[in-house]
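This one's a predicted model, so the numbers in the text were calculated from it and none came from an experiment.
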Amino acid sequence: MSEVLLSVKNLRAWIDAGAEPLRAVDGIDFDIHRGETFAVVGESGSGKSMTALSILRLLPDAAQIVSGSVMLDGRELMGLPESEMRDVRGKRIAMIFQEPGTSLNPVMTVGAQIREVLARHLRITGAEAVRRVVQLLEGVGLPSPAHRAAEYPFQLSGGMKQRVMIAMALAAEPDLLIADEPTTALDVTIQAQVLDLLRDLQRTRGMAVLLITHDLGIVSGMAHRVAVMYAGRLMEVADRAQFFGAPRHPYSRKLFESLPGAASRGGELAVIPGQVPALTENFTRCRFVDRCDVAIPACREGEPAMTVLAPGHSVRCVRASEPATTYGGAAAHWDAAEFGKEPQPDALLKVSGLKVHFPIRKGLLRRTVGQVKAVDGIALSIPAGRTLALVGESGCGKTTAGKAIIQLIDPTGGRVELDGVALNELRGEALRRSRRDYQIVFQDPYASLNPRMRVGDILAEGQVALSDNRDPAAVMDRSAELLRQVGMGEESLGRYPHEFSGGQRQRIAIARALAVRPKLLVCDEPTSALDVSVQAQILNLLKNLQRELKLSYLFITHNISVVEYIAHEVAVMYLGRIVERGTVAEVLGAPAHPYTRALISSVPRIDAAGGHPVVRLGGELPSSVNPPKGCHFSARCPQVRDDCRSKYPEAVALSETRTVNCWLHGI
Amino acid sequence: MSSAVVLAAFLLVGILDSLHFRPALAVGTESQMVARLKGGMPAQAWAPEVKSVLDELLERMATRKERTYSAPLATHAFSKETIELPGGGQSREFPRLQFGGAHLADPAEDWSGDILRGLLRGVALALVIWCAFTALLLVAVRPSNTLNIGEFADATWKGSTDIPWRAVLVTLGIVLLVAVPAWHLSANYHVLGTDKVGQDVLYLSLKSIRTALVIGTLTTLIMLPFAVLLGMMAGFFRGWVDDLIQYAYTTLNSIPGVLLIAASVLVLQVQMEARPELFPTAAQRADFRLLFLCLILGVTSWTGLCRLLRGEALKLRELDYVQAARAFGVSNWRIMMRHILPNVMHVILISVVMDFSGLVLAEAVLSYVGVGVDPTMISYGTMINAARLEMGREPMVWWSLASAFGFMLLVVLAANLFSDAVRDAFDPRVSVVPRKTRFALRSQRAGN
């Protein structure tokens, strides 16, 4: 092993919160070697970001570092005066944040922001600085860097902003780059670009990277060594191969098991029961013991120490030395028979030619000068009791399509038929009454429940508005039943949403939608704001509800592995249109459209061996005001031909259940 | 909680002042505003002057008028006057006041002692009243089943009760300590001096409280329905409703407010003078004018809050829970009442209180310009207006302006703090458990 660059020993950072401090980081130790990528994985609230901020001594006011030492190249950072610490930040250790949109100053050009770093740390100013900025922007793969340097952040897309952030972080040539969820806010194809960039930069510069993420797929593709963090402590530290080959801590194993995917399709996903313990506790036992399914009495007799299993692999578990099972690397195997045998039931929902255009108005008289074609003629159908997944990157119009189907947005054109009734033709009272047949579950469980209403009132609202159930006692009974259905206790009725965790709130949101006994449920990214283990609970719940209540789901998501787990059919959307449609096995098993192929290959996968062929897409999603001529994807397509640029391809049926809009499959 | 007590004290004064009656008859319980607007018949049997309970309580302050200025607690007038000496000659000296310290034989020597005695007696009385209150509180509000009196007193002393009774008691003590001695001294002195025509400034200040409160609350009440309803409708419905409401308030905003108010008040004045038979008493007339002022202030001041609420509603209508309610086919009206209104309540509360203070100040400005309340009405505005010229005198007459300023500040500050507390209390997300600060953490660290 090469020399140790950063060494963290017994770091504790506590947050002041009421009577007892919150032990957000509670004694962690790790070393980062020169030129390696060290990944810290954990669910939200486990203290990953606090660790990063503690290293840079950038904690918020309410938090403080209670004990511990951070040595950079043998130099203690904790005792440094603030003025010297400023030289360390940026120059020796640089950081990039999750949200590129808010990390850049909106009123300074990106070039000026990078020059600031150069002037501060390297004392480079004037023409030399301008030259270096261009060089740096070129280094992070920004097209026409000289031009971009003079632009303001709002003129750049999310992916470009993150590139600028990286360029800024690299400006002073730091030894260590802390990347806190660097791609979480980005789409998969952009995420793949940024991760590639980080990997290349690290290789060429020999820089160490502390990568903080919740996505095991990213870890698998990026990290040399992995640390799993839980409730403020590292539970397992291992080399990548060791970790993905055989994770030893029960928590690490659960994390793998709760990942959805094709392999777990038939059964239930593993869930971790209970919740993360309150961090105000001073633990005198293993902090995972209450949720662990292999706990033994010894787990409660004091917090286990790190057990070294092999060089570079240590686990904080009393049962660490027992033999382990193997995880990961399970290839998707598609059981075609699963779909072929079942007779196709009649379609519950039929959508044809659905269009949603938003006019762009300008000037005094508000004349329409253009159209944002958010949804531009999509057709789909969902049989009763089945799930159709609508997949695509952000901005492709999938959420707008979902809202237009349940008539929250007036469609500009097309037809939406549920059970033979054309919803888009209903008006007034008839439309209101029809709403009991279709409901929606939103992405963000924090925004979808009114913070000033009790859970009981939230659940009662739909019943009172839509069903004939108006007797208060009956409404209460039904609400209690709904809560039981989604696995929550009756006592929650009188409480406010803020008293619940994200997963519980999402259960409440599902219960609310079920209150009027709908036939169709539009799930708009219901799990993307949740942690993996909670996501597993919600996915299990949705699957069980579908079986019991014969619900149909329109499942809107960008997460391919969730699609693999829950959907029967899938439709891939690009720039307001569906480019490929078919059963999950057909589309994900053998994607026909180049975009589908790129999308699927961009998803970071857990792969013990590492490396799978990836179709990299250049560029960004074009604007839906001015889509490219011809096939919308022609501007980014790796297999583009001349006829692609002339005319939008018609749908071509590849099989009974499958269509694709691509000239490559033309007649 | 402290602010609530101060506010309560002001409210008490205001309400006492609103309980009007004519001395010939028993106390009228209805507030004067209502009674007078119903156009009560002038009954000859009653005394011509309408008094409030407060007037009765403060009668000795109101009636003992000096001729002109006197400093707080003074025994002699503020300016020299020519006095006819008993012997027939004349001399220029500071004359003795008619009432202030009139009982003292030799003001120069007895003055300080007398003040001190009065103060001490007042303080003693205040303490007695305070103790009585405390005892009453301990007996009355003690959670009957859990604690005995001793334990409850102990908990109150340590400040560990759910409702911060300790803060209540402390504030109450301070209010009493200021009010009772002042009351006590006012028997023989003008505690805050007198103004140009010899009226007691303390009396004026107390009388002005009602004017300020009435202006603040009434105007707010008139303004709220406009602002809340129109603002929410504009934000929620968008489209032509939004355009219409926006045009309305932009137009209203672009008319200079003072000009509009001045014009309306002048028109009213002319109308009132043309029909003197509608207003049998001067107080009725003054109150009607006050009411009209509130109305016109309310009509001109709803735009700010309306604009704020429109913005909030625009934001809220896109939130998922409003979308979910729409997916349930909940009617627009219900969505506004159940989802939007509770979530803009904090904006309303804050801006209402800020407007409240602004309106009290606006009244002062308008009275200063001469289009505010009736000149016979006692208000901070008229007080300040009267006091402004005297700031230029040498030596300066400061007490009139200072007391108007001090009282106004207290009202507004108490209202501001109180609204903060109210907002927190209504927000289910903020727990009302008292927050222990960093001490816990410090002691933990020390322990490690």
Positions in residues 310-324 of chain B that reach chain A, provided some heavy atom is under 4.5 Å away: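 Under the 4.5 Å heavy-atom cut-off, Leu319(B), Asp320(B), Tyr321(B), Gln323(B), Ala324(B) qualify.
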
Does atom CZ of Arg432(A) have more than 12 heavy-atom neighbours, drawn from other residues, nucleotides or ligands, at distances under 6.0 Å?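 Counting other residues, nucleotides and ligands, CZ of Arg432(A) exceeds 12 neighbours.
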
Using a 6.0 Å cut-off, check whether atom CZ of Arg495(A) has over 12 heavy atoms from anything other than its own residue.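 Buried by this count: over 12 neighbours within 6.0 Å.
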
Compare every heavy atom of Glu461(A) with every heavy atom of Ala325(B), then report the nearest pair and how far apart it is.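 So the two residues come closest at CB-OE1, 3.9 Å.
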
When heavy-atom pairs shorter than 4.5 Å are enumerated against chain B, which of Ala509(A), Ser434(A), Ala447(A), Pro497(A) gives the highest number?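 Maximum pair count with chain B is reached by Ala447(A).
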
Please list all pairs meeting salt bridge (Lys or Arg N to Asp or Glu O under 4.0 Å) that have one or both residues in residues 440-450 of chain A, counting only residues at least two apart or in different chains.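 Found none.
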
So do the side chains of [X] and [Y] get within less than 4.5 Å of each other, counting heavy atoms only?
{"X": "His339(B)", "Y": "Met453(A)", "answer": "yes"}
{"X": "Arg338(B)", "Y": "Asp457(A)", "answer": "yes"}
{"X": "Gln439(A)", "Y": "Phe328(B)", "answer": "yes"}

Rounded to the nearest 0.5 Å, what separates atom CZ in Arg452(A) from atom NE2 in His346(B)?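 With rounding to 0.5 Å, CZ (Arg452(A)) is 7.0 Å from NE2 (His346(B)).
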
Does any backbone or side-chain atom of Leu408(A) lie under 4.5 Å from a heavy atom of chain B? Answer side chain, backbone, both or neither.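 Both parts, backbone and side chain.
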
